[in-house]
Amino acid sequence: MRWLSLLLGLLVALSAHAESVRELKDRGALSVTASLSPATPVVPGQRVVLGIEVATDSWFSGGTRIDLPEVPGLVILQNEQFASNSSERRGAATWVIQRWQLDLFPQRAGRFSIPAIPVFVQLGIGASGSLASQPLTLQVELPGAMADLSHWVAAPEFEVSQSFDRDPDTLAVGDALERELRFEAVDLMAMMLPAAEPAQLPGLRAYPGPPELSSRNNRGDLLASRRQTVSYIAEQPGHYQLPAQEFHWWNTASRQLQLVSLPPVNVTVVAAPGTAPGKAGGTRIGAGHGMLLAGLLLLAAAVFAARQPLSQVCRWLLSTLVNGIRRLDQALAAWRRPGLPPSLNPGSNAGE
(Lines give C-alpha, C1' and ligand atoms only; values in the text may rest on other atoms or scores of the structure.)
Protein backbone atom coordinates (compact mmCIF):
# COMPACT_ATOMS: atom_id res chain seq x y z
CA MET A 1 0.00 0.00 0.00
CA ARG A 2 2.95 2.31 0.72
CA TRP A 3 4.31 1.86 -2.81
CA LEU A 4 0.85 2.46 -4.26
CA SER A 5 0.52 5.70 -2.32
CA LEU A 6 3.94 6.86 -3.52
CA LEU A 7 3.02 6.05 -7.13
CA LEU A 8 -0.25 7.92 -6.93
CA GLY A 9 1.51 10.88 -5.37
CA LEU A 10 4.07 10.88 -8.20
CA LEU A 11 1.34 10.82 -10.85
CA VAL A 12 -0.48 13.69 -9.16
CA ALA A 13 2.73 15.71 -9.04
CA LEU A 14 3.49 15.03 -12.69
CA SER A 15 0.00 15.95 -13.78
CA ALA A 16 0.18 19.17 -11.81
CA HIS A 17 3.32 20.12 -13.72
CA ALA A 18 2.12 18.73 -17.11
CA GLU A 19 2.45 21.20 -19.94
CA SER A 20 -0.28 21.92 -22.41
CA VAL A 21 0.13 21.52 -26.16
CA ARG A 22 0.41 25.28 -26.53
CA GLU A 23 3.11 25.45 -23.82
CA LEU A 24 5.08 22.65 -25.47
CA LYS A 25 4.89 24.43 -28.80
CA ASP A 26 5.80 27.83 -27.33
CA ARG A 27 8.97 26.52 -25.69
CA GLY A 28 10.00 24.69 -28.88
CA ALA A 29 9.31 21.16 -27.61
CA LEU A 30 6.59 20.42 -30.19
CA SER A 31 6.40 21.16 -33.89
CA VAL A 32 4.28 20.35 -36.94
CA THR A 33 5.68 20.92 -40.44
CA ALA A 34 4.38 20.09 -43.92
CA SER A 35 6.03 19.65 -47.32
CA LEU A 36 5.16 18.70 -50.91
CA SER A 37 6.89 16.09 -53.06
CA PRO A 38 7.60 16.80 -55.83
CA ALA A 39 7.96 20.49 -55.07
CA THR A 40 8.38 21.38 -58.76
CA PRO A 41 5.33 22.05 -61.00
CA VAL A 42 3.30 18.95 -61.87
CA VAL A 43 0.67 18.13 -64.52
CA PRO A 44 -3.05 17.53 -63.89
CA GLY A 45 -3.66 14.02 -62.60
CA GLN A 46 -0.13 13.58 -61.22
CA ARG A 47 0.26 12.34 -57.67
CA VAL A 48 1.75 14.77 -55.15
CA VAL A 49 2.65 13.59 -51.65
CA LEU A 50 1.91 16.00 -48.82
CA GLY A 51 4.06 14.99 -45.87
CA ILE A 52 3.21 16.06 -42.31
CA GLU A 53 5.82 15.66 -39.56
CA VAL A 54 4.88 15.86 -35.88
CA ALA A 55 7.89 15.96 -33.52
CA THR A 56 8.15 16.35 -29.72
CA ASP A 57 10.65 15.83 -26.92
CA SER A 58 7.76 14.35 -24.87
CA TRP A 59 5.94 11.19 -25.96
CA PHE A 60 2.71 10.34 -27.76
CA SER A 61 0.16 9.03 -25.30
CA GLY A 62 -2.78 8.66 -27.72
CA GLY A 63 -3.83 8.66 -31.34
CA THR A 64 -3.08 11.51 -33.71
CA ARG A 65 -5.83 12.85 -35.98
CA ILE A 66 -5.44 14.90 -39.15
CA ASP A 67 -8.32 17.01 -40.51
CA LEU A 68 -8.23 16.92 -44.31
CA PRO A 69 -8.80 20.31 -45.94
CA GLU A 70 -11.09 20.87 -48.91
CA VAL A 71 -9.56 22.57 -51.93
CA PRO A 72 -11.65 22.93 -55.12
CA GLY A 73 -10.08 21.05 -58.04
CA LEU A 74 -7.79 19.05 -55.76
CA VAL A 75 -8.49 15.47 -54.65
CA ILE A 76 -6.98 14.88 -51.18
CA LEU A 77 -6.83 11.31 -49.85
CA GLN A 78 -5.34 9.73 -46.75
CA ASN A 79 -4.35 6.32 -48.14
CA GLU A 80 -1.89 5.69 -45.29
CA GLN A 81 -3.88 5.13 -42.10
CA PHE A 82 -0.81 4.87 -39.87
CA ALA A 83 2.24 7.06 -39.41
CA SER A 84 5.85 5.99 -39.66
CA ASN A 85 7.50 6.45 -36.27
CA SER A 86 11.11 7.23 -35.48
CA SER A 87 13.31 9.03 -32.95
CA GLU A 88 16.41 11.21 -33.18
CA ARG A 89 18.74 13.25 -30.98
CA ARG A 90 18.29 17.00 -31.09
CA GLY A 91 20.85 18.60 -28.81
CA ALA A 92 20.69 16.91 -25.43
CA ALA A 93 17.11 15.62 -25.84
CA THR A 94 15.62 12.64 -27.63
CA TRP A 95 12.75 13.58 -29.94
CA VAL A 96 9.92 11.27 -31.02
CA ILE A 97 8.70 11.82 -34.58
CA GLN A 98 5.54 10.81 -36.46
CA ARG A 99 5.47 11.19 -40.25
CA TRP A 100 2.10 11.19 -41.98
CA GLN A 101 1.35 11.13 -45.69
CA LEU A 102 -1.53 12.55 -47.77
CA ASP A 103 -2.00 12.03 -51.51
CA LEU A 104 -3.00 14.97 -53.70
CA PHE A 105 -4.33 14.64 -57.28
CA PRO A 106 -4.90 17.98 -59.07
CA GLN A 107 -7.74 17.84 -61.60
CA ARG A 108 -6.77 20.91 -63.61
CA ALA A 109 -3.94 23.31 -64.26
CA GLY A 110 -3.51 26.33 -62.02
CA ARG A 111 -2.21 27.49 -58.66
CA PHE A 112 -3.64 25.76 -55.57
CA SER A 113 -3.45 27.25 -52.08
CA ILE A 114 -3.47 24.52 -49.44
CA PRO A 115 -4.48 25.97 -46.06
CA ALA A 116 -2.86 25.12 -42.73
CA ILE A 117 -3.82 21.56 -41.75
CA PRO A 118 -5.03 21.02 -38.14
CA VAL A 119 -3.41 18.11 -36.32
CA PHE A 120 -4.84 16.81 -33.02
CA VAL A 121 -2.22 15.21 -30.72
CA GLN A 122 -2.11 13.62 -27.24
CA LEU A 123 1.20 13.95 -25.43
CA GLY A 124 2.72 13.11 -22.08
CA ILE A 125 0.32 13.11 -19.15
CA GLY A 126 -2.90 14.89 -19.93
CA ALA A 127 -1.65 17.17 -22.72
CA SER A 128 -3.94 17.14 -25.75
CA GLY A 129 -5.01 19.65 -28.35
CA SER A 130 -4.63 20.81 -31.92
CA LEU A 131 -1.93 22.70 -33.74
CA ALA A 132 -1.61 23.44 -37.44
CA SER A 133 1.01 23.11 -40.13
CA GLN A 134 2.07 26.01 -42.34
CA PRO A 135 0.04 26.67 -45.53
CA LEU A 136 1.45 25.44 -48.86
CA THR A 137 1.16 26.31 -52.55
CA LEU A 138 0.97 23.78 -55.39
CA GLN A 139 1.66 24.81 -58.99
CA VAL A 140 0.07 22.67 -61.74
CA GLU A 141 0.94 23.24 -65.40
CA LEU A 142 -0.37 21.75 -68.65
CA PRO A 143 2.38 21.08 -71.23
CA GLY A 144 1.68 22.17 -74.78
CA ALA A 145 1.78 18.57 -76.01
CA MET A 146 -1.25 17.79 -73.85
CA ALA A 147 -3.31 20.89 -74.67
CA ASP A 148 -5.65 19.09 -77.10
CA LEU A 149 -6.02 15.84 -75.13
CA SER A 150 -9.20 14.93 -73.25
CA HIS A 151 -7.70 12.16 -71.10
CA TRP A 152 -4.26 10.91 -70.12
CA VAL A 153 -2.50 8.95 -67.42
CA ALA A 154 0.14 10.76 -65.35
CA ALA A 155 2.39 8.17 -63.69
CA PRO A 156 5.99 6.92 -63.64
CA GLU A 157 4.86 3.48 -64.90
CA PHE A 158 1.88 2.54 -67.09
CA GLU A 159 1.09 -0.68 -68.97
CA VAL A 160 -1.80 -1.92 -71.13
CA SER A 161 -2.26 -5.54 -72.22
CA GLN A 162 -4.94 -7.75 -73.74
CA SER A 163 -5.66 -11.47 -74.01
CA PHE A 164 -8.32 -13.77 -75.52
CA ASP A 165 -9.81 -17.01 -74.24
CA ARG A 166 -9.57 -18.60 -77.72
CA ASP A 167 -8.13 -18.08 -81.19
CA PRO A 168 -10.04 -15.20 -82.90
CA ASP A 169 -9.57 -16.94 -86.29
CA THR A 170 -11.51 -20.10 -85.37
CA LEU A 171 -15.01 -18.84 -84.62
CA ALA A 172 -18.28 -20.25 -85.94
CA VAL A 173 -21.67 -18.58 -85.89
CA GLY A 174 -23.00 -18.74 -82.33
CA ASP A 175 -19.53 -18.89 -80.70
CA ALA A 176 -18.40 -16.45 -78.03
CA LEU A 177 -14.99 -14.76 -77.83
CA GLU A 178 -13.90 -13.16 -74.55
CA ARG A 179 -11.39 -10.33 -74.60
CA GLU A 180 -9.66 -9.18 -71.42
CA LEU A 181 -8.09 -5.73 -71.18
CA ARG A 182 -5.80 -4.90 -68.26
CA PHE A 183 -4.48 -1.47 -67.25
CA GLU A 184 -1.80 -1.09 -64.56
CA ALA A 185 -0.07 2.02 -63.21
CA VAL A 186 2.07 3.21 -60.29
CA ASP A 187 1.33 6.32 -58.19
CA LEU A 188 -2.27 6.40 -59.33
CA MET A 189 -5.74 5.47 -58.09
CA ALA A 190 -7.64 2.83 -60.08
CA MET A 191 -10.55 5.19 -60.72
CA MET A 192 -8.16 7.39 -62.74
CA LEU A 193 -7.21 4.66 -65.23
CA PRO A 194 -8.75 4.90 -68.71
CA ALA A 195 -11.70 2.85 -69.92
CA ALA A 196 -11.69 1.04 -73.27
CA GLU A 197 -14.83 1.36 -75.35
CA PRO A 198 -15.48 -1.82 -77.41
CA ALA A 199 -16.26 -1.51 -81.10
CA GLN A 200 -19.79 -2.50 -82.15
CA LEU A 201 -19.50 -4.37 -85.46
CA PRO A 202 -22.55 -5.67 -87.41
CA GLY A 203 -22.46 -9.45 -87.16
CA LEU A 204 -20.09 -9.45 -84.16
CA ARG A 205 -22.01 -8.11 -81.17
CA ALA A 206 -20.06 -6.85 -78.13
CA TYR A 207 -21.23 -7.33 -74.53
CA PRO A 208 -18.93 -5.44 -72.11
CA GLY A 209 -18.75 -6.62 -68.53
CA PRO A 210 -18.38 -4.41 -65.43
CA PRO A 211 -14.77 -3.34 -64.74
CA GLU A 212 -12.80 -4.64 -61.76
CA LEU A 213 -10.83 -1.87 -60.03
CA SER A 214 -8.05 -2.35 -57.50
CA SER A 215 -5.97 0.24 -55.61
CA ARG A 216 -3.25 -0.96 -53.22
CA ASN A 217 -0.74 0.82 -51.03
CA ASN A 218 2.63 -0.89 -50.74
CA ARG A 219 4.97 0.98 -48.38
CA GLY A 220 3.94 4.34 -49.74
CA ASP A 221 3.70 3.25 -53.39
CA LEU A 222 0.24 3.30 -54.93
CA LEU A 223 -0.49 0.38 -57.29
CA ALA A 224 -3.59 0.67 -59.47
CA SER A 225 -5.14 -1.87 -61.84
CA ARG A 226 -8.27 -2.05 -63.97
CA ARG A 227 -9.50 -5.30 -65.50
CA GLN A 228 -12.18 -5.09 -68.18
CA THR A 229 -13.77 -7.95 -70.17
CA VAL A 230 -15.78 -7.86 -73.39
CA SER A 231 -17.66 -10.87 -74.81
CA TYR A 232 -18.14 -10.92 -78.58
CA ILE A 233 -20.94 -13.11 -80.00
CA ALA A 234 -20.49 -14.23 -83.62
CA GLU A 235 -23.85 -13.68 -85.37
CA GLN A 236 -22.86 -13.75 -89.06
CA PRO A 237 -20.01 -15.34 -91.06
CA GLY A 238 -17.34 -12.93 -92.24
CA HIS A 239 -14.01 -11.26 -91.56
CA TYR A 240 -13.95 -8.60 -88.84
CA GLN A 241 -11.30 -6.38 -87.30
CA LEU A 242 -11.30 -5.03 -83.76
CA PRO A 243 -9.67 -1.61 -84.22
CA ALA A 244 -6.46 -0.56 -82.52
CA GLN A 245 -6.78 1.46 -79.31
CA GLU A 246 -4.43 4.21 -78.15
CA PHE A 247 -3.89 5.70 -74.69
CA HIS A 248 -1.89 8.83 -73.84
CA TRP A 249 0.60 8.60 -70.98
CA TRP A 250 2.51 11.46 -69.38
CA ASN A 251 5.64 9.80 -68.02
CA THR A 252 6.28 11.67 -64.76
CA ALA A 253 9.79 10.20 -64.52
CA SER A 254 11.00 11.47 -67.92
CA ARG A 255 8.41 14.30 -68.15
CA GLN A 256 7.50 13.27 -71.68
CA LEU A 257 4.22 12.40 -73.40
CA GLN A 258 4.10 8.82 -74.66
CA LEU A 259 1.56 6.72 -76.55
CA VAL A 260 0.58 3.22 -75.40
CA SER A 261 -1.42 1.23 -77.94
CA LEU A 262 -3.11 -2.12 -78.48
CA PRO A 263 -2.81 -3.52 -82.05
CA PRO A 264 -5.88 -4.32 -84.18
CA VAL A 265 -7.21 -7.88 -83.94
CA ASN A 266 -8.57 -9.84 -86.92
CA VAL A 267 -11.57 -12.09 -86.25
CA THR A 268 -12.81 -14.76 -88.68
CA VAL A 269 -16.30 -16.26 -88.37
CA VAL A 270 -17.46 -19.23 -90.47
CA ALA A 271 -20.91 -20.78 -90.84
CA ALA A 272 -21.97 -23.17 -88.10
CA PRO A 273 -21.21 -26.87 -88.88
CA GLY A 274 -24.10 -28.71 -90.51
CA THR A 275 -25.88 -25.54 -91.68
CA ALA A 276 -27.01 -25.51 -95.30
CA PRO A 277 -25.68 -22.51 -97.28
CA GLY A 278 -28.11 -19.62 -97.19
CA LYS A 279 -30.41 -21.30 -94.67
CA ALA A 280 -30.70 -20.93 -90.93
CA GLY A 281 -29.94 -23.93 -88.79
CA GLY A 282 -33.42 -23.76 -87.33
CA THR A 283 -35.01 -24.93 -90.63
CA ARG A 284 -33.57 -28.44 -90.41
CA ILE A 285 -34.39 -28.73 -86.74
CA GLY A 286 -37.91 -27.46 -87.35
CA ALA A 287 -38.53 -30.09 -90.08
CA GLY A 288 -37.39 -32.90 -87.80
CA HIS A 289 -39.65 -31.70 -85.02
CA GLY A 290 -42.56 -31.47 -87.48
CA MET A 291 -42.15 -35.11 -88.62
CA LEU A 292 -41.96 -36.27 -85.01
CA LEU A 293 -45.08 -34.31 -84.12
CA ALA A 294 -46.99 -35.69 -87.11
CA GLY A 295 -46.09 -39.26 -86.19
CA LEU A 296 -47.24 -38.80 -82.61
CA LEU A 297 -50.51 -37.26 -83.77
CA LEU A 298 -51.24 -40.19 -86.10
CA LEU A 299 -50.54 -42.69 -83.34
CA ALA A 300 -52.75 -40.83 -80.91
CA ALA A 301 -55.51 -40.55 -83.49
CA ALA A 302 -55.47 -44.30 -84.19
CA VAL A 303 -55.74 -45.12 -80.50
CA PHE A 304 -58.49 -42.55 -79.92
CA ALA A 305 -60.50 -43.53 -83.02
CA ALA A 306 -60.89 -47.10 -81.84
CA ARG A 307 -63.11 -45.89 -78.98
CA GLN A 308 -64.89 -42.75 -80.35
CA PRO A 309 -67.39 -41.89 -83.14
CA LEU A 310 -65.90 -40.64 -86.45
CA SER A 311 -67.17 -37.02 -86.12
CA GLN A 312 -65.66 -36.65 -82.65
CA VAL A 313 -62.38 -38.09 -83.89
CA CYS A 314 -62.22 -35.53 -86.72
CA ARG A 315 -62.89 -32.58 -84.40
CA TRP A 316 -60.27 -33.79 -81.93
CA LEU A 317 -57.71 -34.40 -84.68
CA LEU A 318 -58.25 -30.94 -86.21
CA SER A 319 -57.95 -29.20 -82.83
CA THR A 320 -54.82 -31.14 -81.96
CA LEU A 321 -53.17 -30.31 -85.30
CA VAL A 322 -53.90 -26.58 -84.93
CA ASN A 323 -52.53 -26.46 -81.38
CA GLY A 324 -49.48 -28.47 -82.40
CA ILE A 325 -48.66 -26.14 -85.29
CA ARG A 326 -49.08 -23.08 -83.06
CA ARG A 327 -46.73 -24.51 -80.43
CA LEU A 328 -44.21 -25.49 -83.10
CA ASP A 329 -44.19 -21.93 -84.48
CA GLN A 330 -43.66 -20.53 -80.98
CA ALA A 331 -40.80 -22.96 -80.35
CA LEU A 332 -39.11 -22.08 -83.66
CA ALA A 333 -39.45 -18.34 -82.97
CA ALA A 334 -37.89 -18.73 -79.53
CA TRP A 335 -35.08 -20.88 -80.97
CA ARG A 336 -34.22 -18.26 -83.61
CA ARG A 337 -33.96 -15.42 -81.05
CA PRO A 338 -30.38 -14.47 -80.01
CA GLY A 339 -29.09 -16.28 -76.96
CA LEU A 340 -28.27 -12.98 -75.25
CA PRO A 341 -30.30 -9.76 -74.87
CA PRO A 342 -29.32 -6.73 -77.00
CA SER A 343 -27.54 -5.18 -74.00
CA LEU A 344 -26.24 -6.65 -70.78
CA ASN A 345 -25.79 -3.14 -69.32
CA PRO A 346 -29.01 -1.21 -69.96
CA GLY A 347 -28.52 2.51 -70.03
CA SER A 348 -24.74 2.31 -70.43
CA ASN A 349 -23.31 3.89 -73.56
CA ALA A 350 -19.72 3.99 -72.40
CA GLY A 351 -19.07 0.31 -72.98
CA GLU A 352 -18.04 -0.20 -69.41
Side-chain angles (χ1 to χ4, degrees), residues 34-52 66 68-82 84 99-112 114 136 138-163 180-197 208-230 245-262 350-352:
S35 62
L36 296 177
S37 178
T40 56
V42 298
V43 302
Q46 181 176 348
R47 180 196 186 195
V48 178
V49 176
L50 194 161
I52 299 176
I66 299 174
L68 302 184
E70 293 186 4
V71 180
L74 193 63
V75 176
I76 303 178
L77 303 172
Q78 186 174 351
N79 291 309
E80 288 276 5
Q81 300 303 317
F82 301 97
S84 62
R99 291 184 174 89
W100 296 86
Q101 181 174 294
L102 304 179
D103 292 319
L104 313 182
F105 294 94
Q107 302 302 293
R108 55 172 176 80
R111 184 182 179 89
F112 294 88
I114 304 171
L136 299 171
L138 175 64
Q139 185 66 34
V140 182
E141 299 177 353
L142 185 65
M146 303 166 62
D148 297 330
L149 301 181
S150 59
H151 189 277
W152 58 84
V153 171
E157 298 179 24
F158 175 56
E159 294 182 357
V160 182
S161 61
Q162 68 177 347
S163 61
E180 178 181 305
L181 303 172
R182 182 173 288 275
F183 305 85
E184 296 178 314
V186 176
D187 281 355
L188 205 68
M189 299 297 292
M191 61 183 178
M192 300 174 183
L193 289 170
E197 184 173 350
E212 298 179 9
L213 305 179
S214 174
S215 297
R216 296 185 295 111
N217 193 319
N218 183 20
R219 297 181 179 180
D221 293 330
L222 292 180
L223 307 176
S225 68
R226 177 189 180 102
R227 177 180 176 271
Q228 188 172 343
T229 59
V230 182
Q245 299 196 44
E246 297 181 341
F247 307 93
H248 294 95
W249 168 35
W250 176 260
N251 189 328
T252 58
S254 64
R255 297 188 61 81
Q256 292 182 345
L257 183 64
Q258 298 179 221
L259 193 64
V260 180
S261 61
L262 293 175
E352 289 291 316

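Heavy-atom basis, side chains included; hydrogens, waters and symmetry copies ignored.
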Minimum-distance pair of heavy atoms, taken over all atoms of [X] and [Y]:
{"X": "Gln245", "Y": "Ala196", "result": "OE1-CB, 3.3 Å"}
{"X": "Ser215", "Y": "Ala190", "result": "OG-N, 2.9 Å"}
{"X": "Phe112", "Y": "Pro106", "result": "CE1-CB, 4.1 Å"}
{"X": "Arg226", "Y": "Pro194", "result": "CD-O, 3.2 Å"}
{"X": "Pro44", "Y": "Gln107", "result": "CB-C, 4.2 Å"}
{"X": "Phe105", "Y": "Arg47", "result": "CE2-CB, 3.5 Å"}

Mind checking what makes side-chain contact (heavy atoms from CB on, under 4.5 Å) contact with [X], not counting sequence neighbours?
{"X": "Thr252", "value": "Gln46, Ala154, Pro156, Trp250"}
{"X": "Ser254", "value": "Asn251, Gln256, Gln258"}
{"X": "Leu149", "value": "Met146, Trp152, His248, Leu257"}
{"X": "Glu159", "value": "Glu184"}

Please list all pairs passing the salt bridge (Lys or Arg N to Asp or Glu O under 4.0 Å) test where one or both residues lie in residues 70-80, with sequence neighbours left out.
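Applying salt bridge (Lys or Arg N to Asp or Glu O under 4.0 Å) to every pair that reaches into residues 70-80, excluding sequence neighbours, yields nothing.
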Set out, in order, the CA-CA distance, both residues' side-chain angles and the distance that settles side-chain contact (heavy atoms from CB on, under 4.5 Å) for Ile114 and Leu104, then state yes or no.
CA-CA 10 Å; Ile114 304 171; Leu104 313 182; 3.7 Å; yes
Is the closest side-chain heavy-atom distance between [X] and [Y] below 4.5 Å?
{"X": "Leu136", "Y": "Leu138", "answer": "no"}
{"X": "Arg108", "Y": "Val140", "answer": "no"}
{"X": "Leu50", "Y": "Ile76", "answer": "no"}

Which of these passes side chain to side chain contact (heavy atoms under 4.5 Å, CB included) with Leu222: Leu77, Asn79, Leu188, Val49?
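Exactly one candidate clears the test, Asn79.
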How long is the gap from [atom1] on [X] to [atom2] on [Y], to the nearest 0.5 Å?
{"X": "Ile52", "Y": "Arg99", "atom1": "CD1", "atom2": "CZ", "value": "13.0 Å"}
{"X": "Asp221", "Y": "Asp187", "atom1": "CG", "atom2": "CG", "value": "6.0 Å"}
{"X": "Leu181", "Y": "Leu193", "atom1": "CG", "atom2": "CG", "value": "12.5 Å"}
{"X": "Asp103", "Y": "Asn217", "atom1": "CG", "atom2": "CG", "value": "7.0 Å"}
{"X": "Met192", "Y": "His151", "atom1": "CE", "atom2": "NE2", "value": "9.5 Å"}

Taking salt bridge (charged side-chain N to carboxylate O under 4.0 Å, His left out) as the definition, give me every residue that meets it alongside Arg216, ordered by chain and number, with sequence neighbours left out.
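If we apply the salt bridge (charged side-chain N to carboxylate O under 4.0 Å, His left out) test to Arg216, skipping adjacent residues, there are no hits.
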Please determine which of Arg227, Gln162, Gln228 meets the side-chain hydrogen bond (donor to acceptor under 3.5 Å, both in side chains) test together with Glu180.
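Looking at Arg227, Gln162, Gln228, the match for Glu180 under the side-chain hydrogen bond (donor to acceptor under 3.5 Å, both in side chains) is Arg227.
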For the ring pair Phe247 and Phe158, is the centre-to-centre distance below 6.0 Å?
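No, they do not, as the ring centres are separated by 6.0 Å or more.
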